[in-house]
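Written below as structure tokens is the structure these notes are about.
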Amino acid sequence: MNTQLLQTPIDYLKGVGPNRADLLRKELGIHTFQDLINLFPNRYIDRTRYYKINQIQQSNAEIQVIGVIKSFREVAQKRGKRLVATFQDDTGTMELVWFRGQKWIRDNLKLNTPYVVFGKTNWFNGKFSMPHPDIETTEEHKKGLSSGIQPIYPSTEKLSNKGISNRIVGKIIQNLFLETKGNFTETLSENLISELQLLSKKEALLNIHFPKKQELLSKAQMRLKFEELFFIQLQLILKNLIHKSKIKGHMFDKVGTYFNTFFEAHLPFDLTNAQKRVLKEIRSDLGSNAQMNRLLQGDVGSGKTIVGFMSMLMALDNGFQACLMAPTEILSVQHYNGLSKWCKILNINIKILTGSTKTSIRREIHSSLENGNLQILIGTHALLEDKVKFKNLGLAIIDEQHRFGVAQRKKLWDKNTAPPHILVMTATPIPRTLAMSVYGDLDISIIDELPPGRQAIKTVHRFDKNRLNVFKFIRDEIEKGRQVYVVYPLIKESEKMDYKDLMDGYESISRDFPLPDYQISIVHGKMKPADKDYEMQRFAKGETQIMVATTVIEVGVNVPNASVMIIESAERFGLSQLHQLRGRVGRGAEQSYCILMTSYKLSNDSKTRLETMVKTNDGFEIAEVDLKLRGPGDIMGTQQSGVLNLRIADIIKDKDVLQLARHYAKKILKEDPSLSKDQNLNILNTYRALSKYKNIWNYIS
Ligand code: ADP
Ligand code: MG
């Protein structure tokens with residue numbers, strides 16, 4: 001069909017006046033015929049099936065039952081009364097209940113007459129009951145519309161208040177099919193359709209809105225999910241290809257003295273195979289003339305830093321500068337301290353720049369960056385300031401990327417005439433499927449192996465009343481020469497209370513672990529950076545045994561002698577945060593422990609989070625659970641959620657379809673990179689239309 005027709009504003013559709021059009025626009029973002037066609041039902045009610053009363057289960061959603069009303073009775077309750085009918089079929093009895101409109105029911109419903117009742121059932125007082133059922137006589141039911149599989153469309157409170165019920169939406173969509181004769185243009189190629197045995201676009205749309213059979217509905221869903229994911233993947237992959245061919249990067253054609261000297265003479269340990277593999281991947285990017293855009297994923301403690309450092313050496317060997325940006329001051333300092341040791345041996349000029357760098361030093365850094373004397377710069381967001389100008393930045397590394405947005409990546413880019421290579425390192429494992437759909441434009445490397453000799457951290461969950469035992473445990477560990485973190489939540493909304501908890505906790509620990517036998521550090525966000533740093537350093541040097549802190553220590557901090565992580569009010573943390581925090585221990589050779597402290601009151605989600613932490617140390621497994629609990633939008637933040645704003649597919653549940661879609665998108669682009677072959681014409685046209693009507697296909701960013 002002519003795409004023009006599909007762009008018609010919905011105001012012009014039969015059954016949609018200006019008022020309804022306005023509501024549909026505001027409430028559901030439906031502007032055109034096309035938007036309406038793509039308003040897919042959230043779920044379906046199967047009214048092809050009739051339940052017997054003895055088949056009803058507590059887990060049932062809406063069901064329908066045929067039977068007769070045997071009697072009515074009124075039951076007094078706190079306010080007013082409810083009307084209860086005993087409803088019976090040949091297998092048993094259940095109850096129908098009304099809290100309102102009781103007179104009408106009494107006047108109109110007859111005893112011992114067959115009715116079809118439809119609704120959600122509750123288990124109440126040892127019986128199933130159905131409050132306010134849809135009720136029809138069997139004759140009405142046979143004549144009526146309410147048979148078959150009924151779609152339930154997305155709605156809002158406002159829509160239903162203004163009388164745009166599910167039934168009305170269904171009607172409007174029906175009008176749309178009449179108006180357009182249901183003749184929708186195919187968007188996929190014949191090849192794809194026959195190879196995957198998909199429904200045609202026409203059939204799929206018809207069956208998604210007016211399913212005749214469960215089987216056809218499933219096929220329609222499959223076809224539309226595939227299509228949705230396919231075009232997203234196509235776009236991401238194309239973007240990546242275009243990027244690679246257009247954007248020339250600096251070519252680092254040699255591996256030189258810095259790298260070789262470090263590798264041959266100063267490597268502090270053998271690299272793991274995963275580290276070696278990733279270095280090779282990076283090396284091959286840097287040695288080609290395309291600009292690298294690589295995401296390096298590796299669980300906490302997997303050793304990303306040294307990979308980053310050795311990549312920097314490749315840049316330096318080719319006469320370029322490199323920088324490493326970290327999300328916090330503490331983390332920058334730690335990277336700086338760690339890397340400085342190696343730089344000193346190699347005679348490399350390295351500096352650190354953060355918000356608290358003094359003006360005089362800042363000026364020095366600015367000028368030595370511009371004249372090229374400064375080779376490596378470590379720092380926080382301060383690196384993004386306009387005054388920071390490199391002579392020739394060859395590689396920018398971003399650590400713990402989930403705190404930096406795409407905009408910041410771009411800003412680093414703009415720091416140079418030719419963009420630097422970019423390596424984003426993250427310890428927040430993003431499930432592969434999610435990474436694929438969100439970061440399809442980045443290449444991904446994974447360190448999936450921990451350095452040898454690490455012992456799995458033992459994790460337990462304890463209630464607050466076990467605190468004495470926990471304290472005894474801490475004492476024993478300190479006795480053995482270990483150090484301990486105690487972490488408190490700090491959530492913006494309840495900041496005041498959280499600080500109070502932190503200070504109360506600090507006092508109580510100070511009482512139980514008194515001077516001079518015990519030294520305690522405290523670090524929180526309200527302290528001056530210099531004081532924080534001082535306390536961190538004391539702990540890192542082993543001068544204090546206990547570090548009481550808020551989540552400022554969440555990312556990256558490395559004190560190998562610390563073997564116990566106590567997380568207070570653990571139920572208030574998200575999974576990835578818990579996993580990050582736990583990753584602060586288990587960095588040395590000793591057995592490490594993580595103790596999750598909570599009160600008794602726990603929500604189901606909290607319980608799942610705690611159980612997951614106790615059960616596994618595997619960051620990817622944890623990320624999968626997290627994804628299930630929170631949904632993708634939350635995890636990736638609002639910036640990327642546009643990509644995830646899917647109409648019909650669900651990247652968790654439809655993982656397999658996603659994989660399939662990605663596979664075929666790749667395959668087609670490999671055979672026909674410009675989509676110019678005849679057989680791909682439908683795909684090309686759709687792709688073009690998608691780019692043109694961005695507002696409609698809002699999932700493509
Ligand atoms: P992360 O990936 O969390 O950033 P780090 O780079 O901080 O991890 O490394 C964690 C610790 O493991 C550091 O003390 C580091 O020196 C050490 N490490 C890294 N790679 C290896 C290795 N191949 N063998 C032994 N220790 C290693
Ligand atoms: Mg790190």
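If you read the sequence from its start, that first residue is 1, and numbering goes on from there. Keep in mind that the numbers below use all heavy atoms, side chains included, and drop hydrogens, waters and symmetry copies. Remember, it's 1-based here, ligands and their atoms both numbered in the order they're listed.
- For the 3.5 Å distance criterion, the side chains of Glu571 and Ser606 fail to qualify, holding no donor opposite an acceptor.
- Ring centroids of Tyr485 and Phe539 are separated by less than 6.0 Å, placing the two rings close together.
- The side chain to side chain donor-acceptor pair (under 3.5 Å) test with Gln233 singles out one residue from Lys666, Gln659, Arg662, and that residue is Arg662.
- Under a 4.0 Å criterion applied to the non-hydrogen atoms of Ser302, ligand 1 contributes the atoms 2 (O), 8 (O).
- Here the closest non-hydrogen pair linking Ser311 and Leu286 is O-CD1, 4.3 Å.
- Residue Pro451 has no N or O atom closer than 3.5 Å to an N or O atom of ligand 1.
- Under 4.0 angstrom from ligand 1, the non-hydrogen atoms of Thr272 come from both its backbone and its side chain.
- Residue contacts with ligand 1 for Arg454 involve side-chain atoms from C-beta outward but no N, CA, C or O (heavy atoms, distance under 4.0 Å).
- The closest side-chain donor-acceptor pair between Glu590 and Ser563, if any, does not fall under 3.5 angstrom.
- The atoms of ligand 1 that sit less than 4.0 Å from any heavy atom of Thr305 are 4 (O), 5 (P), 6 (O), 7 (O).
- Ligand 1 is never approached by Pro560 to a heavy-atom distance shorter than 4.0 Å.
- Side-chain contact, Asn561 with Gln483: a donor N or O sits under 3.5 Å from an acceptor N or O.
- Ligand-side atoms of ligand 1 in range of Arg587: 3 (O), 7 (O), 10 (C), range being under 4.0 angstrom from any heavy atom.
- Close N/O approach between Gly303 and ligand 1 is found [any backbone or side-chain N/O within under 3.5 Å].
- Contacts with ligand 1 closer than 4.0 Å are made by no heavy atom of Met425, backbone or side chain.
- The ligand atoms of ligand 1 that sit less than 4.0 angstrom from a heavy atom of Leu271 are 23 (N).
- Using a 3.5 Å distance cut-off with no hydrogens or angles, the side chains of His335 and Asp399 do pair a donor with an acceptor.
- Using a 4.0 Å cut-off between charged side-chain N and carboxylate O, Asp498 and Arg572 make a salt bridge.
- Not a single heavy atom of Gly298 sits less than 4.0 Å from an atom of ligand 1.
- Contact annotation for Asp270 and ligand 1: only backbone heavy atoms (N, CA, C, O) come within less than 4.0 Å of the ligand.
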